[in-house]
Amino acid sequence: MRAAEDAPADAIGTPARSTRAVTVAYAGGAERRGPLTLGQANMIRCMLRDDPAYINIHAVWPVPEGVGTQAVIDAFRALVERHEALRTTFPHGPDAAPREQVVAAAGRFTVTVVDQAEPPPDAERYSEAERYAEAVADRDRVRRFGLAEEFPLRISVLTRRGTPAFVALAASHAATDAGALAVLHDEWRTLLAGTELPPLTAVTPLELAAEEASPAGVRKSEASLRYWERILRTGPQAMFAEPHAVPPEGRQPQLTLRSRRGARALARAATRTGNAPSTVLLTAWCALLAHRAGQPACVIALPTSNRFTRRLTRAVTTVSQDALLHLDVRVPSFDALLRTAFGGVLDAYRHSRFDALRLWEMVERVTDERGSHFARDVVFNDVSALAPAAQDADPPEPGPGPELELCRGPGQALPTRALAFAHATTPLLHLSLWADPALFPRAEAEGFLTGLVRLLEAVAEEDVPLSALGAVTGVRPAERGPEWRRVDGCWVSPPAVADALGRALDGRPVHVTVDEAPDGGAGPRLTAYVAAGGDPLTPERAHAALRDVLPGRPGLLAPHRYVIVQDPPPDGGPGSTWTAQRVLAEGDGRKRQVRQVGQARQETAGAA
């Protein structure tokens, strides 16, 4: 870790402190090696390709009162000796991706101890101390992990006059995911309490790799790809297709909800409907999100939800592959949605194990053939059931806990529009949300979380019509102008498509029309008229150019037909004027089905 003085000045100021590195030896395991799991391969691919700020993960763990620094370090040593994932590296050459994992029998890792000179903080300074711990963890998170040789945890123990207050942790996503960190946190606190951990029953990474490579595992992977392809071909390409939904820049602020009201309401709603609290919470989240986005369906990634089998629930490894939920909200009421959600969630869980390379090949194919680019807009991580002891890991409350409290936390760079964690559902409903401020300004983000509590309170009493979500929650749906249309299951701005296609083709004039399907047809279709000028432009070339600009542009959908004309109308005129221009070529651009008009006439005449 860099010197502590490198911490951001606004994290905690610049108190005097010392830093020392402690080398910790571990032993007692077995050396093993074998192929990667699907989750490891997925995350390693991302780690080699993407900004580490988007891929690595971090956490801040408060140290229980009365625990010494050595006990904190000894607990980490015990976890490393217990879990093979923490003793695993991924050897590979300079120009190759890892193909195997190697588990060490013994080794060393480093813990950085940062001591701050001021006395333990009072209630007002607690948040400052935690912000500093977040800054340390975040700083360690943004450095790339060395897969071939580096220990997968960067551990800093933050103390005051020798008394540990927080652990700031950055973790390699090839070794852990959010669920694994929750399990580690739970076991770490158990060790600090002096309690012996139970024998391991969860699957190890090498055991999981063997399961996935079995004939049954291969069949599951193939079924998952088919499930994903169906959703990517038919569902909304982006949840937040709105005029101001540009690619997120900078850091997304954290907003945390802690609410005893929400926990009581969730418990009553679960009892009334006969469903698990986690299912009710997820259904409420999806219903409110689809309402806010103005979408007829909610498409949401559930990365921790693929831990739905007993051997995976508490596995310390990365099983970070999305369970992709497609929930149609075109039902009359919340209870009706809840009935479909249960089956939909199980279906998503069952199809959350796949070959990531083949998945992205399929995504590219669908992008070309459908003409849309899937946006992983919304991520929901429910870790509330993974680590029971972690649910009360916050500092002791002077009273029973807040009825409804919203707190701001440190921002985070994320490639999503909305990332949510459900940390606990009892005795407090504890949620954290990182939302793109372009879509959720501060007041709207706060209104969304309080609206969720209002929805749970309403559902606790009776069934709620989905048409009443605005009145019940106070959350308003997205506003779109009259130029926005629903085409092929997606919100699309035809003028934006014309502008993007024209720019992609070096400024050529483009006009896009929306053609209503005849009775019984497949819905509205887009046709792009493109003026080629003196360039031998083809539909394939036009489609390929637009494909290149689809990522990050959720209001775009490739036209279903490209019509290449020689010149634009003299006045740039309405659609009827464009249709009157001489056609040089037309086609969908996707399968090279181009019809050269003059050639087609000659072929037709010859056949006659």
Side-chain angles (χ1 to χ4, degrees), residues 223-224 226-228 230-236 239 261-310 313 322-352 377-385 418 420 422 425-426 429 431 448-449 451-473 475 477 486 489:
S224 295
R226 293 192 295 272
Y227 170 88
W228 273 70
R230 176 177 59 81
I231 293 176
L232 295 184
R233 286 190 181 278
T234 59
M239 285 303 297
R261 275 175 53 192
R264 288 196 302 265
L266 179 58
R268 293 200 310 272
T271 299
R272 185 186 69 78
T273 61
N275 283 269
S278 60
T279 304
V280 176
L281 178 61
L282 177 60
T283 304
W285 187 268
C286 289
L288 193 57
L289 193 79
H291 167 74
R292 160 63 183 81
Q295 295 281 16
C298 182
V299 178
I300 184 171
L302 310 169
T304 58
S305 296
N306 51 15
R307 293 174 170 266
F308 67 100
T309 65
R310 187 176 62 180
T313 299
D322 287 343
L324 187 66
L325 174 64
H326 179 277
L327 189 58
D328 193 327
V329 299
R330 291 173 295 185
V331 294
S333 69
F334 185 89
D335 286 7
L337 184 64
L338 190 57
R339 287 191 291 271
T340 64
F342 181 75
V345 169
L346 288 181
D347 212 19
Y349 293 173
R350 285 193 293 263
H351 296 101
S352 61
D377 273 354
V378 185
V379 179
F380 188 86
N381 271 317
D382 187 347
V383 298
S384 62
T425 57
T426 183
L429 178 61
L431 302 175
F448 188 86
L449 289 184
L452 179 70
V453 173
R454 293 191 186 107
L455 176 57
L456 292 174
E457 289 177 326
V459 168
E461 301 301 324
E462 60 183 357
D463 194 8
V464 174
L466 293 190
S467 59
L469 283 181
V472 169
T473 67
V475 175
R486 284 196 58 79

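None of these values were measured; they are calculated from a predicted model.
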Using the rule given for side-chain contact (heavy atoms from CB on, under 4.5 Å), can you reason through T283 versus N275, listing the C-alpha separation, both sets of side-chain angles and the distance that settles it, and then say yes or no?
CA-CA 11 Å; T283 304; N275 283 269; over 6 Å; no
Evaluate the ring planes of H351 and Y227, with Trp represented by its six-membered ring, and classify them as parallel (under 30°), tilted (30 to 60°) or perpendicular (over 60°).
parallel
Side chains of R268 and E461, heavy atoms from C-beta outward: is any pair under 4.5 Å?
yes
Look at the side chain of D328 and the backbone N and O of R330, then say whether any donor-acceptor pair between them is shorter than 3.5 Å.
yes
Under the 3.5 angstrom rule, does the side chain of T313 hit a backbone N or O of R307 as a donor-acceptor pair?
yes
Using side-chain heavy atoms (C-beta onward) and a distance below 4.5 Å, is R272 in contact with V459?
yes
Rounded to the nearest 0.5 Å, the CZ atom of R261 sits from the CD atom of E457 at a distance of 4.0 Å
Partner of C286 under side-chain contact (heavy atoms from CB on, under 4.5 Å), chosen from V345, V299, L281, I300
I300
Just verifying a value: how many Å separate Y349 OH and L325 CG, rounded to the nearest 0.5 Å?
8.5 Å
Check against side-chain contact (heavy atoms from CB on, under 4.5 Å), L266 and V280:
CA-CA 7 Å; L266 179 58; V280 176; 3.8 Å; yes
Do the non-hydrogen side-chain atoms of S467 and H291 ever get within less than 4.5 Å of each other?
no
Between SG on residue C298 and CG on residue L288, distance to nearest 0.5 Å:
10.0 Å
Between L455 and V475, is any pair of side-chain heavy atoms under 4.5 Å apart?
no
Is there a side-chain contact between L282 and L302, using heavy atoms and a 4.5 Å cut-off?
yes
Over all atoms of both residues, closest heavy-atom pair of V472 and A458
CG1-CB, 3.8 Å
Test item: F448 and L289 side chains (from C-beta on) under 4.5 Å apart, heavy atoms:
yes
Which heavy atom in A287 sits nearest to a heavy atom in L337, and how many Å separate them?
CB-CD2, 3.7 Å
Do the side chains of T425 and S278 get nearer than 4.5 Å, heavy atoms only?
no
Can you name the nearest heavy-atom pair linking A336 to V331, along with the distance?
CB-CB, 4.1 Å
T340 OG1 to L338 CG distance, which is reported to the nearest 0.5 Å:
8.0 Å
Can you see which heavy atom on A323 is nearest to which on A348, and at what distance?
CB-O, 3.6 Å
Closest contact, heavy atoms only, R454 versus T473
NH1-O, 3.1 Å
Can you find a pair of side-chain heavy atoms, one from R350 and one from D347, that are under 4.5 Å apart?
yes
Determine the minimum heavy-atom distance between L456 and A269, stating which atoms define it.
O-CB, 4.3 Å
